[in-house]
Amino acid sequence: MSCASSESPRRIALVDCNNFYVSCERVFAPQLAHRPVAVLSNNDGCVVARSEEVKALGIAMGTPFHEIRALVKSAGIAVYSSNYALYGDMSARVMQVLAQFTPRVEPYSIDEAFLHFTGWEDARLTEHAQHMVKTVRRWTGIPVSIGIAPSKVLAKVANRVAKQQRLPGGVCQLTDPALHPAILAQMPVGELWGIGKRWTQRLQALDIHTAQQLRDSDPSQLRARFGVVMQRLIYELRGVSCLDTEALTPPKQQLIASRSFGRPVTELTALQEAVASHVARAGVKLRRQGSVTQALVVFIQTNRFKQEAFPYHQAVTLRLPAPTADTGKLIGYAVMGVKALYRAGLRYKKAGVMLLNLAPAQQIQLDLLHPGDDERSRRRMQVVDQLNAKMGNGTLRFAREGWQQPWQMRQAKRSPAYTTKWEELPRV
DNA sequence: TCTGGGGTCCTAGGACCC
DNA sequence: TCTGGGGTCCTAGGACCC
């Protein structure tokens, strides 16, 4: 196992946007401040973001929306469908502001980034971070919290402390090891970054209940039981940085595009349309990162929550004769895959595709019998992508994606794409 | 009626090779 | 009568994350 050898100790800040999706909605709807606000997952299925007021009402992350309809009404909760055009754009703005404070920004998710301040004076870090919090708020409208520590896992812990205890300026600095035991002893082991449900149960069975107890456990013993990931986590808790600190996000190795349907789908052609449109979305992502794919997985499934007479959940993997980034070719394979999977008489709930074995378009092995995408194909896809980027998604699409698309997901309460569509600019 | 979508890393075991 | 040992690659599945 390779952990950081000690030159100067690492200083890692985790910047996390508070209730990110809710905060994005509030930026353009100031009347929502201090009101309970919730944002739903795709298809308006589950609650995926909650304002503090909603958390106080006892609504858990991931609660199915239909379970809380009554409460939504009685408590006057403002509910929104997910608006990824807005959240993605706001995320990019926040990251851009953060980049002004250090060149080493490592985005981790849509609402989080690790920033590297190794070599800075500890005495100046809190103040510097507080300045970041203020600047992000002023320039984007998004509130953030920051945790600073010698490792990523401890930076996560610090961030949680900053949020929970509402520390001044939204910042918690845990660079002094003397502060760690008291805080880790208060923290249930299951709330650590990297410890999920299963591991929590297994750790508790070993009488390890708090983060401090895990920190004090024997790393090699726990490695034998849980694997190297757990060993690294223990070192991270001890302030020894073991996790990668890559500044560059490497290209994805696989891409998934899938959706639940707004209502059950029974027809083969409708399933093929839906899958074709998922392929088109995956294709855009594929080309954006300059990759080609060598294998395609298609899957369709019935409603897993329902007692169906015939629960059906099947996938087929298609190895492509030559690597490609051409949506047209991929759709051709995908609709064949759907046909092979399709059983008449079932009510399908969800379908999707995965692109696997991605490789850089520049470095593919050439095959005399199965040449890859030719120049015409590349230029065609380039035109499609550019046009859709300029005129809006779906402006130019493949006929196989269908026109009416009655299977589209529900999105009844979506706010406007305030920042990415001219027609939807906010009026002042 | 209604229950999201998109990722990563690690490990174990089988196939195959020398 | 006898039937090794070690390496690599691939895949499936399990764990985790937001």
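Residue numbering restarts at 1 for every chain, and letters A, B, ... go by the order of the sequence lines.
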Rounded to whole Å, please give me the gap between [atom1] in [X] and [atom2] in [N].
{"X": "A:L356", "N": "B:dG7", "atom1": "CG", "atom2": "P", "result": "11 Å"}
{"X": "A:L358", "N": "B:dG7", "atom1": "CG", "atom2": "C1'", "result": "12 Å"}
{"X": "A:Q254", "N": "B:dT8", "atom1": "CD", "atom2": "C1'", "result": "8 Å"}
{"X": "A:K156", "N": "C:dC18", "atom1": "NZ", "atom2": "C1'", "result": "8 Å"}
{"X": "A:K152", "N": "C:dC17", "atom1": "NZ", "atom2": "P", "result": "15 Å"}
{"X": "A:M61", "N": "C:dC18", "atom1": "CE", "atom2": "C1'", "result": "7 Å"}
{"X": "A:Q411", "N": "B:dG4", "atom1": "CD", "atom2": "P", "result": "14 Å"}
{"X": "A:H278", "N": "B:dG6", "atom1": "NE2", "atom2": "C1'", "result": "13 Å"}

> Using the benzene-type ring in the case of Trp, are the ring centres of A:H313 and A:F299 under 6.0 Å apart?
Replying inline: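 Centroid separation for A:H313 and A:F299: 6.0 Å or greater.
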Is a donor from one side chain sitting under 3.5 angstrom from an acceptor on the other, for [X] and [Y]?
{"X": "A:H116", "Y": "A:E106", "answer": "yes"}
{"X": "A:N19", "Y": "A:K55", "answer": "yes"}
{"X": "A:Q405", "Y": "A:Q408", "answer": "yes"}
{"X": "A:S241", "Y": "A:R10", "answer": "yes"}

> According to the salt bridge (charged side-chain N to carboxylate O under 4.0 Å, His left out) rule, which pairs have a member within residues 389-403 of chain A, sequence neighbours left out?
Replying inline: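 Listed by first then second residue: nothing to list.
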>> Listing request: all salt bridge (charged side-chain N to carboxylate O under 4.0 Å, His left out) pairs with a residue in residues 72-98 of chain A, at least two apart in sequence or in separate chains.
In response: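 Applying salt bridge (charged side-chain N to carboxylate O under 4.0 Å, His left out) to every pair that reaches into residues 72-98 of chain A, excluding sequence neighbours, yields A:D89-A:R93.
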If you define the side chain from C-beta out and look only at heavy atoms, does anything of [X] sit under 4.5 Å from [Y]?
{"X": "A:W193", "Y": "A:L243", "answer": "yes"}
{"X": "A:Q294", "Y": "A:L320", "answer": "no"}
{"X": "A:L40", "Y": "A:V48", "answer": "no"}

Using a 4.0 Å heavy-atom cut-off, does [X] contact any base of the nucleic acid, only the sugar-phosphate backbone, or nothing at all?
{"X": "A:I195", "answer": "sugar-phosphate"}
{"X": "A:L192", "answer": "sugar-phosphate"}
{"X": "A:R281", "answer": "sugar-phosphate"}
{"X": "A:L255", "answer": "sugar-phosphate"}
{"X": "A:Y108", "answer": "sugar-phosphate"}

> Which pairs count as ring pair (Phe, Tyr, Trp, His ring centres under 6.0 Å) when at least one residue sits in residues 130-155 of chain A, sequence neighbours excluded?
Replying inline: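 Listed by first then second residue: A:F101-A:H131.
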>> Taking the P atom in each of C:dC17 and B:dT3, what is the distance between them to the nearest angstrom?
In response: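 Approximately 25 Å lies between the P atom of C:dC17 and that of B:dT3.
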> Given pairs defined as Watson-Crick or G-U wobble with both distances under 3.5 Å, what dot-bracket annotation applies to DNA chain B, with ( ) intrastrand, [ ] crossing, | other strand and . unpaired?
Replying inline: ....||||||||||||||
Under 3.5 Å between N/O atoms: give me all the protein pairs with nucleotides 1-3 of chain B, atom names plus distance.
| residue | atom | partner | partner atom | Å |
| --- | --- | --- | --- | --- |
| B:dC2 | OP2 | A:K306 | NZ | 3.1 |
| B:dC2 | O3' | A:R410 | NH2 | 3.3 |
| B:dT3 | OP1 | A:K349 | NZ | 2.2 |

Tabulate atom names and distances for all N/O pairs under 3.5 angstrom spanning the protein and nucleotides 9-14 of chain C.
| residue | atom | partner | partner atom | Å |
| --- | --- | --- | --- | --- |
| C:dT11 | OP1 | A:R319 | NH2 | 2.9 |

>> Please verify the inter-ring angle class for A:Y87 with A:Y21; under 30° counts as parallel, over 60° as perpendicular, anything in between as tilted.
In response: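 The arrangement is parallel - the two ring planes meet at less than 30°.
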> Side-chain N or O of A:S109 less than 4.0 angstrom from OP1 or OP2 on C:dC17?
Replying inline: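 Checking A:S109 against C:dC17: no side-chain N or O falls below 4.0 Å of OP1 or OP2.
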>> Which is more 5' along DNA chain B, the nucleotide nearest A:S258 or the one nearest A:V229? Just name the residue.
In response: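 On the 5' side of the pair lies A:S258.
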> Nearest nucleotide by nearest heavy atom, which residue falls closer to the 5' end of DNA chain B, A:K350 or A:F226?
Replying inline: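 Nearest-nucleotide comparison on DNA chain B picks A:K350.
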